[in-house]
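Below, each value reflects all heavy atoms present in this structure, side chains not excepted, and no hydrogens, waters or symmetry copies.
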Number of protein chains: 2
Amino acid sequence: MARISDVIEVFLKELISDSKNRTIEIQRNELAKYFDCSPSQINYVLTTRFDYVHGYYIESQRGGGGYIKIKKLTMDHRDGIYAILLKEIANGITKMKGNKLIVSLQERGVISEREAKIMKAAIDDTAIISPLNIKDEIRANILKNMLAAVLG
Amino acid sequence: MARISDVIEVFLKELISDSKNRTIEIQRNELAKYFDCSPSQINYVLTTRFDYVHGYYIESQRGGGGYIKIKKLTMDHRDGIYAILLKEIANGITKMKGNKLIVSLQERGVISEREAKIMKAAIDDTAIISPLNIKDEIRANILKNMLAAVLG
DNA sequence: AAATAAAAGTCAAAGAAGGTCAAATTATTT
DNA sequence: AAATAATTTGACCTTCTTTGACTTTTATTT
């Protein structure tokens, strides 16, 4: 049941939304002790849920008095995201990657939940019946077209 | 002799009708163990009886703490539209017809302007690179998938 | 300045799910 | 009875999470 990673994710997001400046500072080992998990688990959560694509920025310092600072990017940090996404999609993208990308846009509030649903449905494997080798290419085209419709 | 697939189908449908939100979350291996069948049997039941044509929507997650979520689509007042769409789109639809359909849905207030834009972008010819003869079929699939996502 | 302590980072292996596909079997139609 | 369709099974695949040993960086003591 409930993955510890998800619990930590929710915890951090709550901290952030309660904070001034959408920025928090944590200590990795403290947090790990609090959730009774290994310290590297914290890194796992950060890299899978708080990276740039998800709309967060991270800064850290080692050594005594070290910390990890997590900052939630706002919309004005968003310009450029479109170009980055296009590059990421390039000439082909798997369904998994595409889905993650869509979720990250939703999390940033760029698209609504319904819009995310529509996009996911559009790039689903069941829809794109074609030889495997060009499936990802078609998916990439569809995704790029949809993004252009909303962001472009 | 009751087919195990039918038994599982009934079981799941009961769970759903007992649930809040017409949504349930199961674990594939648990369920398979419970019915003493192979895990892939569960997938078989899902793909043959719980796809969007049957009015269901499925979401899943692998890895530790993984699950399968089954949601029954609500078709309330849009019920008629849903049926018409399935029949009208059927196994193939041209870009022209698809666009008209989308516009009419927008006019009826079933989807927003942005959603219409996204959908049109998804079924555009520039996205679907494939032999002409199956182009309309792929387009139909994409469109059906998207509509099912919205009606859910 | 060197040694020590106190952080955080990395990476790979193990574990925990769910997914796919095709062969074998069983039911249903013709 | 033969042909076709639906179901069952199992071997193998992919994704995601957890854990832990080892590394690197920085601050504090000696």
Check this one for me: any side-chain N or O of R3(B) less than 4.0 Å away from OP1 or OP2 of dA5(D)?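 Answer is no, no contact under 4.0 Å.
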Under 4.0 Å between a side-chain N or O of Q41(B) and OP1 or OP2 of dT7(D)?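 Checking dT7(D) against Q41(B), no side-chain N or O comes under 4.0 Å of OP1 or OP2.
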Shorter than 3.5 Å, N or O on both sides, protein versus nucleotides 18-21 of chain C: list them out with atom names.
from: dG18(C); atom 1: OP1; to: R28(B); atom 2: N; distance (Å): 2.9
from: dG18(C); atom 1: OP2; to: R28(B); atom 2: N; distance (Å): 3.0
from: dG18(C); atom 1: OP2; to: N29(B); atom 2: N; distance (Å): 3.0
from: dG18(C); atom 1: N7; to: R28(B); atom 2: NH2; distance (Å): 3.3
from: dG18(C); atom 1: N2; to: R62(B); atom 2: NH1; distance (Å): 3.4
from: dG19(C); atom 1: OP1; to: S60(B); atom 2: OG; distance (Å): 3.0
from: dG19(C); atom 1: OP2; to: N43(B); atom 2: ND2; distance (Å): 2.8
from: dG19(C); atom 1: O4'; to: R62(B); atom 2: NH2; distance (Å): 3.3
from: dG19(C); atom 1: N7; to: R28(B); atom 2: NH1; distance (Å): 2.9
from: dG19(C); atom 1: N7; to: R28(B); atom 2: NH2; distance (Å): 3.0

Take the protein atom [atom1] of [X] and the nucleotide atom [atom2] of [N], then report the distance between them rounded to whole Å.
{"X": "D36(A)", "N": "dT19(D)", "atom1": "CG", "atom2": "C1'", "result": "12 Å"}
{"X": "F35(B)", "N": "dT9(D)", "atom1": "CZ", "atom2": "P", "result": "14 Å"}
{"X": "E9(B)", "N": "dA6(D)", "atom1": "CD", "atom2": "P", "result": "14 Å"}
{"X": "I4(B)", "N": "dG10(D)", "atom1": "CD1", "atom2": "P", "result": "14 Å"}
{"X": "I42(B)", "N": "dG10(D)", "atom1": "CD1", "atom2": "C1'", "result": "15 Å"}
{"X": "E59(B)", "N": "dT15(D)", "atom1": "CD", "atom2": "P", "result": "18 Å"}
{"X": "Y44(A)", "N": "dA14(C)", "atom1": "OH", "atom2": "P", "result": "18 Å"}

Which residues share a side chain to side chain contact (heavy atoms under 4.5 Å, CB included) with K135(A), sequence neighbours left out: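 Counting only residues at least two positions away or on another chain, K135(A) forms a side chain to side chain contact (heavy atoms under 4.5 Å, CB included) with D125(A), I128(A), S130(A), L132(A), R139(A).
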Could you pull out all residues at least two apart from E25(A) that satisfy side chain to side chain contact (heavy atoms under 4.5 Å, CB included)?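 With sequence neighbours excluded, E25(A) shows a side chain to side chain contact (heavy atoms under 4.5 Å, CB included) to Y67(A), K69(A), given in chain and number order.
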Note, [X] side chain near [Y] side chain (heavy atom, < 4.5 Å):
{"X": "L143(A)", "Y": "L85(A)", "answer": "no"}
{"X": "V150(A)", "Y": "K117(B)", "answer": "no"}
{"X": "I4(A)", "Y": "V45(A)", "answer": "no"}
{"X": "L31(B)", "Y": "I68(B)", "answer": "no"}

Any side-chain hydrogen bond (donor to acceptor under 3.5 Å, both in side chains) involving residues 8-18 of chain B? Give me the pairs, sequence neighbours left out, ordered by first then second residue.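 Pairs touching residues 8-18 of chain B that pass the test: E9(B)-K13(B), E9(B)-R49(B).
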Return whichever of R49(B) or G64(B) has its heavy-atom-nearest nucleotide of DNA chain D closer to the 5' end.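 By nearest-heavy-atom nucleotide position, the 5'-most residue is R49(B).
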Angle between the two end axes of the helix from dA1(C)-dT30(D) to dT30(C)-dA1(D), five base pairs per end, rounded to 10 degrees?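 That helix has its two terminal axes inclined by roughly 10°.
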Side chain of S5(B): nearest nucleotide among dT7(D), dT9(D), dT17(D)?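 The answer is dT7(D).
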Please determine if R108(A) forms a cation-pi arrangement with Y52(A), meaning its NZ or CZ atom is less than 6.0 Å from the six-membered ring centre and no more than 45° off the ring axis.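 Yes, R108(A) and Y52(A) form such a contact.
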By the 4.0 Å heavy-atom rule, please label K69(B) as base, sugar-phosphate, or nothing.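 Nothing: the residue K69(B), judged by heavy atoms under 4.0 Å, touches no strand.
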Under the side-chain hydrogen bond (donor to acceptor under 3.5 Å, both in side chains) rule, collect the residues that match up with T126(B), sequence neighbours excluded.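 Here the qualifying residues are N145(A), D124(B).
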